[in-house]
Amino acid sequence: QMKLLHRRQKKAHIMEVQLNGGSVADKVDFARKHFEQTIPVTDVFAMDECIDIIGVTKGHGFKGVTSRWHTKKLPRKTHKGLRKVACIGAWHPSRIQYTVPR
């Protein structure tokens, strides 16, 4: 019920926890009993316990160099587009460095 908090965030953080042990009916009963209840971290995890975490980053699709690397836009009258990188390196060394946005 995020609307009761009067915060800027509209969508609640959703966390999925796997239930182990017992039969399927025991797991369902446990989940129903603890639904929308606060569960302290100490009840779930022990001290110095190792856990596996999976995270998914927020994707932004295919981006150009201006929005991906925050380079400056070129002037209005440039040829073949203005959301490009004008210079990608000096004459020598005659290779492109890995730090140059492309």
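Counting Ile, Leu, Val, Met, Phe, Trp and Tyr side chains that sit under 4.5 Å apart, directly or through other members, Leu74 shares a hydrophobic cluster with Leu82.
Applying the ring pair (Phe, Tyr, Trp, His ring centres under 6.0 Å) test to every pair with at least one member in residues 21-48, sequence neighbours left out, gives these pairs: Phe30-His34. Listed by first then second residue, pairs satisfying ring pair (Phe, Tyr, Trp, His ring centres under 6.0 Å) with a partner in residues 65-102 number zero, not counting sequence neighbours.
A continuous path of Ile, Leu, Val, Met, Phe, Trp and Tyr side chains, each step under 4.5 Å between heavy atoms, connects Ile51 with Ile39, placing both in one hydrophobic cluster. Hydrophobic clustering, with ILVMFWY side chains joined whenever heavy atoms are under 4.5 angstrom apart, keeps Ile53 apart from Leu19.
Rounded to the nearest 0.5 angstrom, His60 NE2 and Lys58 NZ are separated by 6.0 Å. Between the CZ atom of Arg102 and the NZ atom of Lys84 there is a distance of 15.0 Å, given to the nearest 0.5 Å. Atom CZ of Arg83 and atom OG1 of Thr66 lie 4.5 Å apart (nearest 0.5 Å).
Between Thr71 and Val65, the shortest heavy-atom contact is OG1-O, 3.5 Å. Across Pro40 and Thr38, no two heavy atoms sit closer than the pair CD-O, 3.9 Å.
Open room surrounds NZ on Lys73; 12 or fewer heavy atoms of other groups in view lie less than 6.0 Å from it. Under a cut-off of 6.0 angstrom, the local environment of CD in Glu49 is crowded, with over 12 non-hydrogen atoms contributed by other residues, nucleotides or ligands.
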